[in-house]
Amino acid sequence: MLRDITLGQYYPADSVIHKLDPRTKLFGTLLFIISVFSFDGLLGFGVITLFMFGIIYLSKVPLSFMVRGLRAIVILLLIAGALNLFLTPGQPLITLWKIVITKEGVRNASLMTVRMIYLIMGTSVMTLTTTPNQLTDGLEKSLRPLSKIHVPVHEIAMMMSIALRFIPILIEETDKIMKAQMARGADFESGGLIKKAKNMVPLLVPLFVSAFRRANDLALAMEARCYVGGDGRTKMKPLVYEKRDVGAYAVVIVYFVIVVLVKSLL
Amino acid sequence: MSFILDKVSHRYSQGTAYEITALDNVNLKINDGEFIGIIGHTGSGKSTLVQHLNGLLKATEGAIYYNGQDIYDKDYDLRDLRTQVGMVFQYPEHQLFEETVFADVCFGPKNQGLPEKDCTLRAFEALRSVGLPEKYYYASPFELSGGQKRRAAIAGVLAMKPAVLILDEPTAGLDPKGRDEILDLIAETHAHYGNTVILVSHSMEDVAKYVDRIIVMNQGSVMLDGAPRDVFHHYKELEEIGLAAPQVTYLMHEMREAGMDVSTEPTTVDEAKDAILRMLGRK
Ligand SMILES: Nc1ncnc2c1ncn2[C@@H]1O[C@H](COP(=O)(O)OP(=O)(O)OP(=O)(O)O)[C@@H](O)[C@H]1O
Ligand SMILES: [Mg+2]
């Protein structure tokens, strides 16, 4: 039931992309997003398409997993596309009764749609090939310099990884409690809004109780292991750049330069 | 005839990288009034199997019939099925939510559409039968100890008087006395009402003592199915899949191998006692 929801889930596979340092992937994703929002023209489109599908191919993650992330934004895409298509002023292309489709409208709508789709797919590559733990590790290390100006980087990263770890646990717990109450004849589906909200009580109370219990247990367990925060703390798997990361940085930067060149030349 | 499972398979997370076949082509027939034990190694699919019986999980393949009706039929009322097939989950204390224990036990009967008065009566009866001291009836369920919570949660299902009662490891984490009390209570209600009881358990002793039929699950399929003495006769095969026969079965086999003329059939301490006394000629 609920477990089937994919929340930017990790897809285990043995690929170059999986093995890259998370910092490399964060940097690459950032540049990719910038490039997606700066390209225009067919040639630029060709370059980013080639790059993205190349990376997806290398990651060994089936394309269907990337596309799955798009399902959530289909409606948004349709609305934004339609608004752009019909409401952009400019040179009329087709006129049907009162609806005018302009050349600029077609351009804006297609550009917008492509950007949104590529944005989602590009970031999916990162979340599908990096475990949440690696991701927070990468973020923590990349943002480390900020701790000089008293930003609690380690604490933020720790909170993030705990929150990420708890999402599947809470989903599983919800699933379990829901089943237990359904077995006692609870009804979570029928009825109006108020009745539905009332019917949620048998689900929400045990869920909160268990969330607090788990939080409490975790805090105790951390204290029992003498957790005192980030200072002087070492990592079991410290992040170190390898040769392939250097290569990856080079590829990403070359790609970015090409996109910029294509844009400024045309 | 209460349940027929016809080639039932269940796969979790179908169509993702995490697909797991938890049930693989299970065929079963469960008759009215049987007391069945389901045993199997951790992860063998016991919980998955029993959750199919009240429609909480839907088989990815195969069909399930309850009293001759296909429960996956479009017009079949699954909520009605759930009021007839009661289910006590692993760690049922996590389902408590009301302000008082008593109100929580009333939740099931109320959902069955019973009038207020009947709910109250049933709740009292169920709470008394699980042996929870009366002073806790109007306490908050969150103030009880683990074992007391477990009793309250089991009472919440018993109060529904289900025709089929399923218990998924109801005694995990209880002390020996609490465990015996709860199992005795279940056996008593079975003897009294003649309802069907399905008990999922890791303890061979418990299963041997109470049930009339054992189903052994292994990697999602039914490996053995029969009366306790027949199933435990295959103790070598059980060991291969990480299970064991009750201690007394081993004792009887060793006595036999040591040249004593005893039956190897006993599966409970009482049966073993009788067999040994018989051998000694005192009976
Ligand atoms: N909600 C779920 N999502 C995905 N896989 C699951 C889920 N529940 C169980 N499984 C998997 O299905 C298989 C069977 O699990 P099940 O809970 O039925 O085992 P079990 O026999 O009850 O084990 P135990 O004795 O530990 O309770 C296991 O491999 C388990 O990992
Ligand atoms: Mg189980």
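Hydrogens, waters and symmetry mates are skipped; everything else that's a heavy atom, side chains included, is used. Predicted model only: the values in this text are computed from it and were never measured.
Only the side chain of B:Phe142 comes within less than 4.5 Å of a heavy atom of chain A; its backbone N, CA, C and O stay farther away. If you measure heavy-atom distances from B:Gln95 to chain A, the contacts under 4.5 Å come from both the backbone and the side chain. Of the two parts of B:Gln51, only the side chain, counted from C-beta on, holds a non-hydrogen atom closer than 4.5 Å to a non-hydrogen atom of chain A. Of the atoms belonging to B:Asp80, not a single heavy atom falls under 4.5 Å from chain A.
The number of heavy atoms from other shown groups lying within 6.0 Å of CD (B:Glu19) is above 12. Counting non-hydrogen atoms of other residues, nucleotides and ligands closer than 6.0 Å to OH of B:Tyr91 gives a total of 12 or fewer. In the displayed structure, B:Gln84 atom CD is contacted under 6.0 Å by more than 12 heavy atoms of other residues, nucleotides or ligands. The local environment of CG in A:Leu220 is crowded, with over 12 non-hydrogen atoms from other residues, nucleotides or ligands closer than 6.0 Å. Crowding of A:Glu155 atom CD: a count of heavy atoms from other residues, nucleotides or ligands under 6.0 Å exceeding 12. Remark: A:Tyr57 OH is loosely packed, at most 12 non-hydrogen atoms of other residues, nucleotides or ligands lying under 6.0 Å away.
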Under the side-chain contact (heavy atoms from CB on, under 4.5 Å) criterion, do A:Arg184 and B:Asp104 qualify, and how do the steps go?
CA-CA 11 Å; A:Arg184 291 206 283 166; B:Asp104 201 279; 3.1 Å; yes
Show the numbers, then the answer: is there a side-chain contact (heavy atoms from CB on, under 4.5 Å) between B:Phe89 and A:Lys176?
CA-CA 9 Å; B:Phe89 278 82; A:Lys176 237 171 35 193; 5.5 Å; no
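Put simply, of B:Gly55, B:Gly86, B:Gly108, B:Pro109, the one with the most heavy-atom pairs under 4.5 Å next to chain A is B:Gly108. If you tally non-hydrogen atom pairs under 4.5 Å between each of B:Asn54, B:Leu81, B:Val85, B:Asn111 and chain A, the highest count goes to B:Asn111.
Contacts between residues 11-29 of chain A and chain B, defined by a heavy-atom separation under 4.5 Å, are made by A:Tyr11, A:Pro12.
The closest side-chain heavy-atom distance from A:Gln181 to B:Phe97 is below 4.5 Å.
Residues B:Leu56 and A:Lys179 share a closest heavy-atom pair of CD1-O, 3.6 Å.
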Under 3.5 Å, sequence neighbours excluded: what are the donor-acceptor pairs made by side chains of residues 202-214 of chain A?
unit_1   : atom_1 : unit_2   : atom_2 : d
A:Ser210 : OG     : A:Glu173 : OE2    : 3.3
A:Ser210 : OG     : A:Leu207 : O      : 3.3
A:Arg214 : NH2    : A:Glu173 : OE1    : 2.7

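With respect to A:Asp187 and B:Arg82, no salt bridge is recorded, no charged nitrogen being found less than 4.0 Å from a carboxylate O.
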